[in-house]
Each structure stands twice: as C-alpha cells, then as structure tokens.
Amino acid sequence: MSVVLKQKEQLRSAIQAAIEAAQASDELELASVPDIGLEVPRDSGHGDFASNIALVAAKMARKAPRDVAQIIAGHLPLGGFIRDVEVAGPGFINFFLSYDWLFDTIRTIEREGQAYGDSTQGAGEKILLEFVSANPVGPMNVVNARAAAVGDTLARLFRAAGYTVGTEFYVNDAGNQADVFARSLEARYQQLTDPGYAFPEDGYPASYVCELAEVLQKEHPELLEMGREERLALCKRWGTDQMVEMQKADLKNYGVEFDLWFRERDLHAAGALEEAIAFLEHRGLLFEAEDAKWFRSTEFGDDKDRVIVKSDGSYTYVTADIAYHHDKLKRGYTKLIDIWGPDHHGYIGRMQAAIQALGYGEDTLEVLILQYVALLRNGQQVKMSKRAGEFITMQDLVEEVGKDAARFFFLNRSPESHLDFDLDLAVEQSNENPVFYVQYAHARISSILRQGREMGVSLPSSTEVDLSLLAHDSEIALIKQLASLPEELLTAAVQREPHRVTRYALDLASLFHSFYTHCHILGETDSLRDARLVLVAQVQCVLRKVLGILGVDAPEQM
RNA sequence: GCGCCUGUAGCUCAGGGGAUAGAGCAUCGGACUUCUAAUCCGAGUGCCGCAGGUUCGAUUCCUGCCAGGCGCGCCA
C-alpha cells in the first residue's frame, strides 16, 4: 500500500475514534458516521491532509459545521503522528503530520525503484487495447499519431496498475479501400510501360503510390503476364503488406510497438465472418430485407439495424469487425478497449450491440473517442487535403518535432479535447517547450550525481543519512509530490487519462527546479549533502518512471 | 432533425460539490565568482458561454438555450 493511503487510513481511524469519543461524552449526536473524506489540500498552508467530515455531518448533528469540526478536533490525539490540527474555512479539519511519512516515502522509492507507483489493482483482468488501426493504404496521419501516443501510454499505465494487457493494430486489408488502393497501384504499374493506361476515377492520386509501383515493377516483373484478377490480388496483398511494414517502422520510430498486428484477411481466410454470421443467425438476430441480410442491432440499443451481408453477397465492415471482436473474446480477454477517431463515434452503438449479441456484458467493450488535431504553423491552421495527397503525415511530424515532443504534446491534453498542435512551439529547443523542461530536470540530477562521483562522493543509502535534515519548504513540497505518484498513476489508469501523467511530470520537474535553486547539494556539509543526494536520486527515479510511461527519453545530459 | 465532443486569463489548456479558480506562453521587473540560466524569484489579468434547478455550499451535478467542431451509408 502506498504511503499516502497508509497515512489516510491512520487518519481515518483517528477521526472515527474522535467522533466516537465525542458521542460518548454527549457532545455530538450522530445516527451514523458518514464516509470520512480525506484529501491532500492544494494549498499546503491547509495542512498535509484535510477532512470535510464536519461539513458532511453538520446537518445530521444539527450543529454548525465549524462547531462539529471543533468538537471532533478536540478529541484528536496530538503529539503522535498528528503534529497539529486546525479548524479552517467553512469547517474543514486540517491535519499537520509529523514528517515521518515523508521520510517513509523516500525509503519506499529507494527500495522499490522503477516499481515504485505500481499497484495490483488490475490483477485478474485481461485488457485488449486496440488503437491506431489505420487503413494499410497510405501513411498515417496526425490523429493516428495522437491515438498511438494515448494508446501506448494507456497500455503502460495499465501494466503499472497490474492488469494483463495486449495491444493490437487491426489491419483492414480486405475491405473496399484496400481494393481501391490495389487498383490504384495496378494502374500506376501499368503506366510505367503504358503512360496512357487509365487511372481509376476513385483512385489514390498521391505520389507514394507511384513510388510503390516502381518497387513493385522490380520485385514482380511477372505481373504483366497475369490475368487482371490475379494481378489485382497480388497488388492488394503486396501493396498492403508494404504499407503495414511502413506503418510498423513509423510507429517503432515513435516508440510504439504492438503485441500483435491482426490482419483482416486472416479472418476471411479462416471463415471467421461466416462463423460469426452463423452464430448470430442461430440466436435469431438476423433477418432478410431488400436482398440483404441484416443484424437486428436495435435489440441491443443501436439506433438502427445494420446490414451484415450486402445484396451483392459481400460483407460490410462491421461484419469483419464483429468477427474480430469475437476472436479477441475467444482469446480470453475480459475487457476490450478500442481507441477510435472522432469520425467513428456513430459506430459505437452497433459494436456495443454486437458484443452483447455475442453473449457478453455491456461493459465488456469500452470505446475511447479521441478528438481532432489541428496543426498550427505561424499561428495559422495547416490545410490538408487527402484527396490531393497534401497532408502532414505522422512521419513528417515525428521528423519535424521529434518523438519526445510529439508524444508529450499529444499526452499533455485530455483525450476528448480538441487539440491545437503548435508545430513552431514543439520544434523549439527552448524553455517554451515543456518536454525539455522535464528532461532537463532529469539531466540536472544526472549531472549532480556524476560530479559527486568525480569528487569521490558516492550515493549513500537512506539508512545511512539523517533524512530529518530535509526541512526546507522546497524539499518538503518535493517529497510530497513523490508521495503522490502511486495514486496519480492509478487514477490515470482507471480514468483512462494519460494527461495526468504529463501534468504530474511537469509539476515534479517544477518543484525540483525550484529546490535546485534554493538548496545546494555538493557544497554543503557532509550530512546535509548526503541527505539531499538521497532525495534527488529518488526524484530522478520517479522522473525516469513517469517519462518511461510517457514513452519519452530520460537523457543523462542535455 | 438526432447523437458525440468542446466553451475557464490576451493565447494554449488543466482543474473540479467546498477554503482566495490554476499552469505554461505572452507582458513587466529582478537573480549566474559556487552542482547545467533549457533554470529560479516577483507582478497584473477572469460574468469559469447564457438562463433556470438541486444543495448548507455549484465554475464543478441536472435541464434548457447559444456558439464552434464532428458524426448519422448495403464506405471504412
């Protein structure tokens, strides 16, 4: 259990005992004791912890909140771990604790290292996190980049929270768009020998298709000898494979590696669509109308029923997706989380319905919808046109601003907020760029420890130093921030809010920088120097931990 | 028309039933003979979109409205 939780539990029982004592002496009359709320106040002047118990209990006690607080406070034992108590504001009870819990925090981090902040909350739950899943017909865009950052960091947060996690990229290599792409590629291939060859009306005009055609010509010169159908099949297979490899490389370059790249065509080959259809048919959830086969998704709360087999006998996108999600569940995952772009939110209802039709609870599938990303340059929104092949790809972005800045920027916003990505700011190697601010804190600590070693001062163990020397305001604030990590990480995971981690990292870096200017280390007396060395080593450990969750490098020097 | 997201400082955004609503940037003024000044310290800024409701207490929760973005295919 985290130090903070342990502290809260102790306080809770102390408050409970105080209330009981007050009742025993007839000062307070309560039919029952409400939940005892405890929080770490934003303003450190309000103590280490504060409780609103008196405000909540006031009505039941038929007394003014401040009076209730006063009575409870009067029964709290001082001198032990509670250093001081005050009643403040509308009736808060503020607790000032002895510093032991802060020193405990330092020792805990030293003992747990990179495991500090982890929990076992998620034990027993197997989460499958599917994200990005961009069509294998071209380069990824900036929303894909946002999804990649959010999904990857969520996966890391889930692992830290004790969940078993699988990450997957669903490759939609069997649908319409793959066919359009194949025809485009085939046409560009033909045009290499026959410039007059017609390019499909709905084809992809972008130049990467031409470049791909040239590679294809070298690797598969036999294509011209084939029949058209066979030729298109090869273009589709080979072309989407090329795109997948490119996407894989781009994502790796961005610090994101999936456990599994799941091919839609494998589902088709395995007969999984037919199997899913038969399953639904067997449960009486399909019907025929207008020459097509429909899934009665309205049975499970969807707006309208959905076509599963088109009148031409082919399948819709949702058919394959049902089969895919069925496959995930059959692999033993207890929770499916999909991260989608904003244009897919209308799709949630039918997939939720499908999951229930397959016999699983309505909480099984959770869909997180990201919002759009607008790129700004010189304060102006960058206009993009996919049709014209003019758009900034994920790779462009990573090349321009770097992996660390890109990830940090995406993760610095709540997932559901529309995001303005300022390219000029992200690329700036200056104090304006928040990612450097955090990395700089890490590098500064490395530098101190390095110079200490050069001076023959090695890092002592917390048991060898007098931690009570850490009494400066900036030191106390810093340790409190370290103490709050476990709860922050857990909340970020449970609420699916990775931006909490960037905020935590920025706050920690800020507290460290402030400490750094107020407190020297290597020039101080041995005992103070050693205590501070232990402190900054733990700060560095935590910085490395949170940067690792964000997928951002923790440099030794800058 | 229906659905989703958003509306908080000049800008970009956090926060969230409770104490004086925060941060970064921008603006202004300070701090380097000492561990990295990519840093720190200080200063000002707010009908928390509007109107009702619930509550001891609402910027936060509920309802309605207004504004911006997006979606409502036998596309994916």
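Please read these numbers as outputs of a predicted model, since none were measured by experiment. Here is how names work: the chains are called A, B, and so on, in the same order as the sequence lines, proteins then strands, and each is numbered from 1.
- The aromatic ring of A:H518 does not stack onto the base of B:C40, failing the criterion of a centre distance under 5.5 Å from the six-membered base ring together with planes under 30° apart.
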Could you list all N or O pairs between the protein and nucleotides 17-20 of chain B that sit under 3.5 Å apart?
unit_1, atom_1, unit_2, atom_2, d
B:A19, N6, A:N94, OD1, 3.3
B:A19, N1, A:N94, OD1, 3.1
B:A19, N1, A:N94, ND2, 3.1

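- Between A:D343 and A:A289, the one whose closest nucleotide on RNA chain B sits nearer the 5' end is A:D343.
- When distances are taken from the side chain of A:Y516 to each of B:C74, B:U39, B:C35, the shortest belongs to B:C35.
- A salt bridge links A:K236 to A:D179: at least one charged side-chain nitrogen sits closer than 4.0 Å to a carboxylate oxygen.
- The salt bridge (Lys or Arg N to Asp or Glu O under 4.0 Å) pairs that include a residue from residues 302-322 of chain A are A:D302-A:R306, where partners are two or more places apart or lie in different chains.
- For the pair A:Y437 and B:C40, the criterion of a side-chain N or O lying under 4.0 Å from OP1 or OP2 is met.
- Residues satisfying the salt bridge (charged side-chain N to carboxylate O under 4.0 Å, His left out) criterion with A:E362, sequence neighbours excluded, are absent altogether.
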Would you tabulate the pairs of protein nitrogen or oxygen atoms and nucleotide nitrogen or oxygen atoms of nucleotides 5-7 of chain B closer than 3.5 angstrom?
unit_1, atom_1, unit_2, atom_2, d
B:C5, O2', A:E416, O, 2.6
B:C5, O2, A:H418, NE2, 2.9

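- If you take atom C1' in B:C28 and the same atom in B:G44, they sit 9 Å apart, rounded to whole Å.
- Atom pair A:I445:CD1 and B:U39:P shows a separation of 15 Å (rounding to whole Å applied).
- Atom P of B:U63 sits at a distance of 15 Å from the matching atom of B:U54, rounded to the whole Å.
- Distance A:L522 CG to B:C35 P: 9 Å, rounded to the nearest Å.
- Checked against side chain to side chain donor-acceptor pair (under 3.5 Å), A:S447 has the following partners two or more places apart in sequence or in another chain: A:Q451.
- Looking at A:D241 and A:R263, a side-chain N of the basic residue comes within less than 4.0 Å of a carboxylate O on the acidic one, giving a salt bridge.
- Under a cut-off of 6.0 angstrom, the local environment of CD in A:Q495 is crowded, with over 12 non-hydrogen atoms contributed by other residues, nucleotides or ligands.
- Look at CD on A:E366: it is 16 Å from C1' on B:C4, rounded to the nearest Å.
- Annotation: side chain to side chain donor-acceptor pair (under 3.5 Å) contacts of A:E400 (sequence neighbours excluded): A:R377.
- Remark: the separation of the P atoms in B:A9 and B:U59 is 16 Å, to the nearest Å.
- Take A:H268 and apply the side chain to side chain donor-acceptor pair (under 3.5 Å) test, not counting sequence neighbours, and it matches A:E264.
- Between A:F408 atom CZ and B:A38 atom P there is a gap of 18 Å when expressed in whole angstrom units.
- Regarding contacts with the backbone of B:C75, a side-chain N or O of A:K310 is found under 4.0 angstrom from either OP1 or OP2.
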Secondary-structure string, 5' to 3', Watson-Crick or G-U under 3.5 Å, | for another-strand partners, for RNA chain B: (((((((..((((....[...)))).(((((.......))))).....(((((..]....))))))))))))....

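- B:G42 and B:G3: their C1' atoms are spaced 49 Å apart (whole Å).
- Only the P atoms considered, B:G29 is 26 Å distant from B:U12, to the nearest whole Å.
- A donor and an acceptor atom sit less than 3.5 Å apart, one in the side chain of A:S311 and one in the base of B:C74.
- Checking B:U34, B:G71, B:C56 against the side-chain heavy atoms of A:H520 singles out B:U34 as nearest.
- Atom name P, nucleotides B:A14 and B:G7: the rounded distance is 7 Å, in whole Å.
- When the P atom is compared between B:G22 and B:C48, the two are found 14 Å apart, to the nearest whole Å.
- Residues satisfying the side chain to side chain contact (heavy atoms under 4.5 Å, CB included) test with A:E475, not counting sequence neighbours, are A:L470, A:H472, A:F515, A:C519, A:R532, A:L535.
- Of the side-chain N and O atoms in A:S514, one or more sit less than 4.0 angstrom from OP1 or OP2 of B:C41.
- Counting to the nearest Å, the P atom of B:G69 and the OH atom of A:Y372 are 13 Å from each other.
- Look at A:R496 and A:E366 and you find a salt bridge, because one of the NZ, NE, NH1 or NH2 atoms lies within 4.0 Å of a carboxylate O, short of that distance.
- Every residue was checked against the side chain to side chain donor-acceptor pair (under 3.5 Å) condition with A:Q247, not counting sequence neighbours, and none meets it.
- If you take CZ of A:F436 and P of B:C25, they are 15 Å apart, rounded to a whole angstrom.
- Pairs of residues two or more places apart, or lying in two chains, that qualify as ring-ring contact (aromatic ring centres under 6.0 Å, His included) and include a residue from residues 29-53 of chain A are A:F49-A:W101.
- Looking at residues two or more places apart in sequence or on another chain, you find a side chain to side chain contact (heavy atoms under 4.5 Å, CB included) between A:A289 and A:F287, A:W294.
- If you take atom C1' in B:C13 and the same atom in B:G73, they sit 36 Å apart, rounded to whole Å.
- In terms of position along RNA chain B, the nucleotide closest to A:Q557 lies nearer the 5' end than the nucleotide closest to the other residue of the pair A:Y347 and A:Q557.
- Between the C1' atom of B:G68 and the CD atom of A:Q381 lies a distance of 12 Å, rounded to the nearest Å.
- Counting distance only, with no hydrogens placed and no angle test, the side-chain atoms of A:H345 and the base atoms of B:G3 include a donor-acceptor pair under 3.5 Å.
- The shortest distance between the side-chain N/O atoms of A:K293 and the OP1/OP2 oxygens of B:C74 is not below 4.0 Å.
- The number of heavy atoms from other shown groups lying within 6.0 Å of CZ (A:R42) does not exceed 12.
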